[in-house]
Every structure is written in C-alpha cells, then in structure tokens.
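First the structure, in the form of structure tokens, and then the observations on it.
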Amino acid sequence: MQMRLYPPMIFVALIIITSSCKIKSEETYKNWNVYGGSKDASHYSSLTEVDTNNVTNLQVAWVYATGDIDTSNHSQMQCNPIVIDEVMYVTSPKLKLLALNAASGKQIWSFDPATSIVFDSSDQAALPMTFSNNCRGVTYWTDGKDDKRIFYTAGYNLLC
C-alpha cells in the first residue's frame, strides 16, 4: 500500500519544520560590557584590526598606574575591565572606580568610595575599605535609551 501525500500536507509540514529552526541573530560584539565580553561569556570580539597575521606586531599602546598599591595589605587587582563606547572602566587595588579613554589610557574620572560614601556609624559597612581589598568585577546596565549605569562592589557595598 502506497501512501499519497497531498500538497496541503506537504505545505503544513514545511511550515512546521522551518518555524522550529532557530535563526542565529548576528551579534556585533564591539563592546566588552560584562565579564567575558558578553552575557554568554564568549570572550570574543568582532573587531578585525588584530588577527593571526598581525598579532606578532602588537606593541604596548599605553600603561596606566593607579598609584594606590598597598603592599602591606597585599592589595591586588582581580577585576576584568569593561569597555563601553570607547571608555574603559576598571577598579584600582584600593577599590577606586576609574574611567579611562580606551584608546589613550588618559583618565576621564575617578570615584573613591572610601572618601565619597558617608556611612551610619553603627553600620558594619563603615569599616575601612581595606578589610576587603579586592573587587572581582565591574558591569554595565542600560535601558537602551538614556539611562546607563556602571555597577561594582567595594566592601559590603554595591555601588552604581
């Protein structure tokens, strides 16, 4: 017994098959706005200036010294910098948040939580910032319009 397919059944089957296929959206990956480069932690950039043919020709473009290393408290930098619209955001060993021009390394602004935040004296977070002398990340959030925010931690505090 031979089964005969009718054109409407073939059409319905094709619609079901094609609608179930996921079409991968093209990501631009030009910013590095979260740890790992993207929310899927791809560690990838679609920028093409550096490739396997010219990577050996790379040279240091700039160096930035935060000037606040604290060797007695074993300060360290464990923060992966992020880059948003040509501005690099990074924390220093004493938990300052710095905004640097990503092309030149020139400081745009600096925020020092130790001198900028006023705590209630009964608040445990009022302890010196050196009790927790590392920050593991800076991240970026936007509503897609005008509201843009940088988040990071200093001690017990989440700062925005």
Side-chain angles (χ1 to χ4, degrees), residues 21-160:
C21 297
K22 274 192 170 181
I23 298 173
K24 185 179 177 183
S25 63
E26 287 295 318
E27 297 283 342
T28 57
Y29 296 110
K30 290 186 178 181
N31 282 321
W32 198 271
N33 53 8
V34 295
Y35 176 79
S38 62
K39 290 180 182 176
D40 57 0
S42 65
H43 292 90
Y44 172 77
S45 171
S46 58
L47 300 175
T48 58
E49 289 83 9
V50 177
D51 59 28
T52 55
N53 295 318
N54 64 11
V55 70
T56 58
N57 300 330
L58 291 179
Q59 297 178 2
V60 174
W62 54 265
V63 174
Y64 181 85
T66 64
D68 66 357
I69 190 168
D70 186 356
T71 54
S72 63
N73 285 318
H74 307 288
S75 65
Q76 50 189 309
M77 292 175 70
Q78 295 184 6
C79 178
N80 181 39
I82 60 173
V83 178
I84 309 295
D85 299 328
E86 301 177 9
V87 177
M88 177 181 283
Y89 299 93
V90 63
T91 58
S92 75
K94 289 194 176 176
L95 306 179
K96 293 177 187 172
L97 179 63
L98 306 164
L100 308 174
N101 178 302
S104 69
K106 187 172 186 165
Q107 181 177 313
I108 300 168
W109 55 260
S110 173
F111 172 78
D112 185 352
T115 60
S116 302
I117 300 174
V118 178
F119 297 104
D120 179 347
S121 61
S122 65
D123 188 356
Q124 194 175 9
L127 296 171
M129 291 292 171
T130 56
F131 75 96
S132 176
N133 64 352
N134 59 24
C135 173
R136 301 244 175 138
V138 177
T139 194
Y140 171 77
W141 175 86
T142 182
D143 64 357
K145 299 175 187 165
D146 296 327
D147 196 357
K148 299 176 182 182
R149 300 177 189 207
I150 301 294
F151 291 88
Y152 86 110
T153 58
Y156 296 123
N157 303 288
L158 174 63
L159 304 171
C160 175

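Note that the coordinates shown come from a computational prediction; the quantities given were computed from them, not determined experimentally.
G105 approaches W62 most closely through the heavy-atom pair CA-CD2, 3.2 Å. Residues P113 and K96 come closest through the heavy atom pair CD-CA, 4.1 Å. Across every non-hydrogen atom of V63 and V60, the tightest pair is CG2-CG1, 3.8 Å. When all heavy atoms are compared, the tightest approach of P81 to M88 is CB-CG, 3.8 Å.
Taking 4.5 Å as the limit, every side-chain heavy atom of I84 sits out of range of all side-chain heavy atoms of K148.
Just one residue in the list D112, T66, L97 forms a side chain to side chain contact (heavy atoms under 4.5 Å, CB included) with S92, and that residue is T66.
Note on ring orientation: taking the six-membered ring where Trp is involved, the planes of F111 and Y152 are perpendicular (angle over 60°, cut-offs 30° and 60°).
Note that OH of Y89 is 15.0 Å distant from CG of N80, once rounded to the nearest 0.5 Å. The distance from atom CD of E86 to atom CD1 of I108, rounded to the nearest 0.5 Å, is 9.5 Å. Note that the CD1 atom of I150 and the CG atom of L159 stand 12.5 Å from one another [nearest 0.5 Å].
Between the side chain of T142 and the backbone N or O of D147 there is at least one donor-acceptor pair closer than 3.5 Å. A donor-acceptor distance shorter than 3.5 angstrom exists from the side chain of N54 to the backbone of E49, with no hydrogens or angles considered.
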